[in-house]
Amino acid sequence: MTTARTPDEILYRKLLAERYGPLDRLEAERFPAAADSVERGLGASEEQWRRQVREIATRYGWTLQYHTVDSRRSDPGWPDEVLGHPAQRRTLFVEFKTDTGRIRPAQRIWLAHLADSGLEVALWRPRDLPTVLQVLGPGRHRAVLPTDFRRPAA
């Protein structure tokens, strides 16, 4: 029995199929974010997830993309990716985590500061794919931190 897919899931599967070919069982194992289960992103590394989102962003016109390749030599806490969409005049700061990944204190401080300064900030996990598509896609939804995001103590 197959479950009904949302338009966002259909689009994501199409994007993966265009990039990697038909999604058979082996492909679903290699790219868990495309699996049909509710836990579709479990098992994907943070880097795999970041690259998938970056590909989606590119398709939707987010042509300015910045990622610090080796953050060990940078100050701690800066978000993983900064995306810019010149036509929409939008800049988005994104921290990527696996579905079970933890946010470090310095990351929490930076995310809260950027959001409190009025900038678009997101904390995205593989389970947030529908939100990712709404923010990056033609719907132009504004990125916000999750409702359960704990702000650092002042």
Side-chain angles (χ1 to χ4, degrees), residues 2-20 23 27-69 71 76-85 87-152:
T2 60
T3 59
R5 293 191 179 114
T6 67
D8 291 338
E9 289 172 324
I10 293 167
L11 174 62
Y12 188 64
R13 289 181 66 82
K14 180 181 174 201
L15 291 171
L16 283 176
E18 286 176 9
R19 169 77 184 201
Y20 302 108
L23 291 174
E27 293 297 315
E29 290 171 6
R30 286 180 57 206
F31 304 100
D36 289 334
S37 70
V38 174
E39 303 164 349
R40 64 180 170 261
L42 291 178
S45 72
E46 186 176 304
E47 180 62 15
Q48 289 170 326
W49 172 230
R50 186 190 69 77
R51 287 181 184 194
Q52 289 171 358
V53 170
R54 193 170 185 153
E55 287 180 19
I56 293 168
T58 299
R59 294 240 181 206
Y60 283 122
W62 295 81
T63 56
L64 301 174
Q65 301 176 350
Y66 173 79
H67 171 69
T68 301
V69 177
S71 61
W78 187 251
D80 292 319
E81 193 92 19
V82 180
L83 301 170
H85 196 299
Q88 294 180 14
R89 296 183 179 167
R90 290 174 66 193
T91 302
L92 177 59
F93 298 84
V94 184
E95 180 63 37
F96 294 102
K97 293 293 178 191
T98 63
D99 279 330
T100 57
R102 296 179 142 200
I103 305 167
R104 289 180 274 130
Q107 292 172 322
R108 192 174 298 283
I109 290 168
W110 267 112
L111 292 174
H113 170 72
L114 292 167
D116 293 345
S117 296
L119 300 168
E120 271 190 272
V121 182
L123 169 61
W124 285 338
R125 300 171 187 276
R127 66 178 175 240
D128 297 323
L129 177 61
T131 301
V132 170
L133 293 169
Q134 289 175 341
V135 170
L136 297 178
R140 297 185 183 189
H141 290 216
R142 183 171 172 83
V144 294
L145 291 172
T147 55
D148 62 350
F149 180 80
R150 290 188 329 266
R151 297 191 175 285

Which heavy atom of [X] sits nearest to which heavy atom of [Y], and what is that distance?
X      : Y      : result
Leu145 : Ala115 : CD1-CB, 3.8 Å
Thr98  : Ser45  : CG2-C, 4.0 Å
Ala57  : Leu83  : CB-CD1, 4.1 Å

How long is the span from the [atom1] atom in [X] to the [atom2] atom in [Y], to the nearest 0.5 Å?
X      : Y      : atom1 : atom2 : answer
Glu47  : His67  : CD    : NE2   : 5.0 Å
Leu123 : Leu111 : CG    : CG    : 6.5 Å
Glu81  : Thr68  : CD    : OG1   : 9.0 Å
Thr131 : His141 : OG1   : NE2   : 9.5 Å
Glu46  : Lys97  : CD    : NZ    : 5.0 Å

Flag if over 12 foreign heavy atoms under 6.0 Å of CZ, Arg104: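 No, because the 6.0 Å sphere around CZ of Arg104 holds 12 heavy atoms or fewer from other groups.
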Arg142 atom CZ: more than 12 heavy-atom contacts under 6.0 Å: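 Enclosed.
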[X] side chain vs [Y] backbone, donor-acceptor pair below 3.5 Å:
X      : Y      : result
Arg127 : Asp99  : yes
Arg125 : Gly101 : yes
Trp49  : Trp124 : yes
Asp116 : His113 : no

Heavy-atom side-chain contact between Trp62 and Arg54 under 4.5 Å: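 No - every pair of side-chain heavy atoms lies 4.5 Å or more apart.
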Any Thr91 side-chain heavy atom under 4.5 Å of Leu64 side chain: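 Result no, sub-4.5 Å side-chain heavy-atom pair not found.
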Six-ring centre of Tyr60, Arg140 cation under 6.0 angstrom, axis tolerance 45°: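 No - Arg140 does not lie over the ring of Tyr60 by the 6.0 Å and 45° rule.
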Note: Glu55-Arg51 ion pair, threshold 4.0 Å (strictly below):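 Answer for the salt bridge query: no.
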Matching residue for Phe93 among Trp78, Tyr66, Trp110 - test: ring pair (Phe, Tyr, Trp, His ring centres under 6.0 Å):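 With Phe93 as partner, Trp78, Tyr66, Trp110 yield a single ring pair (Phe, Tyr, Trp, His ring centres under 6.0 Å), made by Trp78.
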Pair Leu136-Leu92, side-chain contact (heavy atoms from CB on, under 4.5 Å): steps then yes or no: CA-CA 9 Å; Leu136 297 178; Leu92 177 59; 3.9 Å; yes
Pairing residues for Glu120 by the salt bridge (charged side-chain N to carboxylate O under 4.0 Å, His left out) criterion, not counting sequence neighbours: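 Applying salt bridge (charged side-chain N to carboxylate O under 4.0 Å, His left out) to Glu120 gives Arg90.
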